[in-house]
*Asks:* 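The structure that follows is given in the form of structure tokens.
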Amino acid sequence: MADAFSSSSQMVIQRVVDVTVKTNIFQDHTEIDHLKRLINAKPFILGDTSYGSCCVDEVAAEHVGAECIVHYGRACLSPSKRLPLMYVFESRPVDVSKCASTFRDLYPDTQSHVVILYDVNYVHAISDLAALLSSDYPNLIASELVIKGEQCCSHGQSEKQHDDTEQDDKQIICQFGRQFSLKNGLCITDYSMFFVGQEGATLRNFMMTWNRCAFCSFDPSTMTGRTELVRINCALMKRYYAIERAKDANVVGILVGTLGVADYLTIIQQLKETIRRAGKKSYMFAMGKLNVPKLANFLEIDIFVLIACPENSLLDSSEFYKPVVTPFEMDMACNNNREWSEEYVTDFRHLLPGGQNHVPLADQQEGEEETDVSLITGALRSRNLLASEPTEFPYSSSVVLRNQTLTVANTNSAASFLAERSWHGLEQKLGETPVVKAVEGRRGIAIAYEEEGTS
């Protein structure tokens, strides 16, 4: 655990880093050197993102007064609303013949119903792959990229026009920026999925969402294919354990992990109400990219829920002191109307009213109390919603007025302590601080510095 917080200074100095220079990231007329002359405008290069690199950093672009954004490289294709947006995907090489040969080995039955999925870096090769296989596999479907947003477009992708009369009787599936149509009378579980790309967040999202479908993958970098086996079942069981931890929690921290994905403010407000209706307290944190030391400073929080894009939502919190769950898992823990099934949602926008996975909250009367048993501790849990308790908890105290005749009662001492914590940042105090020689500071994390406890 210590390695997660600090590293040896000698190791850092002597560390050898292998750097692979890629020359094909920017193609033709999209090279940065020519961009300024072509658009006759002043370009700014945003090198580091406030949150995930797959998301469009609209907030940072607005700081320089940008009027549009060109996003290069990996992208989660989450919809954005603030600025006009253009995607430029890296065109990574693919041996299409080898990929097609691997597909035939994995699917010897030519009548198999298969959907081709892919990482955005390989979209340029999918049409050629489908052309090689479509004559032998009549039930093959190649998904298309769909760039959603008010003013969005992409480079390196041919836009296809659809005839609405042909789509009337077909079920159209759109997930994580990929869209395809199912044949009449078939559902998504009748299809197998063939993914072109490396193992990572994109493949994991598809497998978690369609966890009843069989998955195979082809890695263009190693030119090998394989059948994805039972790992998804283990992942689902871990997520179910996280849901049980969320049910046991009394104080919930809402982590803002995106400022660019559309409707992130709406899901925050919905989560606050859902958590309040479950008799829990919630506090919101905006701290940029997450790490173990940051969250270790808030031991009063029982569990964190991360608001982020689908590819950054499934955070491995095994090294964290407290679990980090997704909005879907928190809704599963707090909403009695939602039941655990094979359905799993990583896109929080689907949980909003009008979304395909929205489940309204159960009606609950004032003073009504529900009880169940924790599957982790075996203790009895109670959920009690008081109508007199405000939706927004004051920062000065967590004391709640019960009625006009009695005094007050403290609902949670840990929450009360957290409500009174605040940071003012570094104060310059120019001219007030004497100049001294630099000395070695404290080492470790804020809750347990190395020199604490020594005389």
Side-chain angles (χ1 to χ4, degrees), residues 76-79 103 106-107 109-120 122-123 126-127 129-131 133-149 152 154 157-197 202-217 228 232 236 261-263 309-311 313 327-328 331-332 337-360:
C76 59
L77 302 183
S78 298
F103 182 93
L106 294 172
Y107 300 99
D109 183 6
T110 58
Q111 299 302 316
S112 301
H113 292 81
V114 185
V115 177
I116 299 179
L117 303 172
Y118 44 87
D119 198 344
V120 294
Y122 303 105
V123 62
I126 299 304
S127 58
L129 176 62
L133 297 172
S134 57
S135 58
D136 298 329
Y137 291 85
N139 298 318
L140 179 67
I141 299 176
S143 60
E144 303 173 10
L145 282 188
V146 177
I147 311 300
K148 288 190 173 182
C152 296
S154 64
Q157 171 194 359
S158 59
E159 303 290 342
K160 297 185 177 180
Q161 301 295 330
H162 297 282
D163 187 357
D164 295 337
T165 59
E166 297 179 356
Q167 301 291 341
D168 290 342
D169 298 330
K170 294 184 179 181
Q171 181 183 2
I172 299 179
I173 304 295
C174 187
Q175 192 72 262
F176 308 133
R178 283 78 169 174
Q179 179 175 297
F180 54 91
S181 301
L182 305 182
K183 289 191 174 182
N184 297 335
L186 298 180
C187 60
I188 190 65
T189 55
D190 296 323
Y191 284 82
S192 298
M193 305 294 171
F194 181 73
F195 182 81
V196 180
T202 303
L203 175 59
R204 182 173 65 250
N205 268 336
F206 281 121
M207 293 181 64
M208 292 289 286
T209 302
W210 296 319
N211 50 72
R212 297 181 64 187
C213 299
F215 271 79
C216 294
S217 64
E228 304 292 338
I232 194 64
L236 286 172
V261 179
D263 301 321
C309 73
E311 295 198 1
S313 294
F328 169 74
D331 191 75
M332 180 72 68
N337 285 347
R338 187 181 293 277
E339 298 180 356
W340 176 261
S341 63
E342 72 278 358
E343 173 187 71
Y344 194 88
V345 182
T346 57
D347 191 342
F348 64 75
R349 295 179 301 113
H350 295 170
L351 305 176
L352 298 174
Q356 60 188 27
N357 301 109
H358 174 69
V359 176

*Asks:* Under the rule for side-chain contact (heavy atoms from CB on, under 4.5 Å), what residues qualify as partners of His113, not counting sequence neighbours?
*Replies:*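 Partners of His113 under the side-chain contact (heavy atoms from CB on, under 4.5 Å) test: Asn139, Leu186, Tyr191.
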*Asks:* Indicate the atoms forming the closest heavy-atom contact of Phe328 with Glu343, along with that distance.
*Replies:*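 Closest approach of Phe328 to Glu343: CZ-O, 3.6 Å.
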*Asks:* Can you tell me how far SG of Cys216 sits from CZ of Phe103, rounded to the nearest 0.5 angstrom?
*Replies:*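 Rounded to the nearest 0.5 Å, the CZ-SG separation comes to 8.5 Å.
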*Asks:* Can you see which heavy atom on Glu311 is nearest to which on Thr202, and at what distance?
*Replies:*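 Nearest heavy atoms, Glu311 then Thr202: OE2-OG1, 2.7 Å.
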*Asks:* Is any side-chain heavy atom of Leu117 less than 4.5 Å from a side-chain heavy atom of Phe176?
*Replies:*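 No, every pair of side-chain atoms sits at 4.5 Å or beyond.
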*Asks:* Under the side-chain contact (heavy atoms from CB on, under 4.5 Å) rule, collect the residues that match up with Thr189, sequence neighbours excluded.
*Replies:* Cys187, Arg212
*Asks:* Output all residues satisfying salt bridge (charged side-chain N to carboxylate O under 4.0 Å, His left out) with Asp136, sequence neighbours left out; order by chain, then residue number.
*Replies:*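 Checked Asp136 against salt bridge (charged side-chain N to carboxylate O under 4.0 Å, His left out); matches are Arg104.
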*Asks:* Could you check whether any side-chain N or O of Tyr107 sits under 3.5 Å from a backbone N or O of Tyr137, counting only pairs where one atom can act as donor and the other as acceptor?
*Replies:* no
*Asks:* Please report the closest heavy-atom contact between Arg349 and Ala262, naming both atoms and the distance.
*Replies:*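 Residues Arg349 and Ala262, closest heavy atoms: CD-O, 3.5 Å.
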*Asks:* Roughly how far, to the nearest 0.5 Å, is the CD1 atom of Ile126 from the CG atom of Asp119?
*Replies:* 10.0 Å
*Asks:* Please answer whether the main-chain N or O of Ile116 pairs with a side-chain N or O of Arg178 as donor and acceptor at a distance below 3.5 Å.
*Replies:*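 The answer is no, because no donor-acceptor pair under 3.5 Å joins these two groups.
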*Asks:* Under the side-chain contact (heavy atoms from CB on, under 4.5 Å) rule, collect the residues that match up with Glu339, sequence neighbours excluded.
*Replies:*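 Per chain and number, Glu339 pairs via side-chain contact (heavy atoms from CB on, under 4.5 Å) with no residue.
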*Asks:* Determine the minimum heavy-atom distance between Pro138 and Thr110, stating which atoms define it.
*Replies:*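 Looking at all heavy atoms of both residues, the shortest contact is CD-O, 3.4 Å.
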*Asks:* Could you tabulate the donor-acceptor pairs under 3.5 Å formed by side-chain atoms of residues 204-211, not counting sequence neighbours?
*Replies:*
unit_1, atom_1, unit_2, atom_2, d
Asn205, ND2, Pro310, O, 3.0
Thr209, OG1, Asn205, O, 2.8
Asn211, ND2, Met208, O, 2.8
Asn211, ND2, Glu342, O, 2.6

*Asks:* Can you list everything that forms a side chain to side chain donor-acceptor pair (under 3.5 Å) with Asp190? Sequence neighbours excluded, please.
*Replies:* none
*Asks:* I need the minimum non-hydrogen distance between Phe180 and Ser143, along with the two atoms involved.
*Replies:*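 Looking at all heavy atoms of both residues, the shortest contact is CD2-CB, 3.8 Å.
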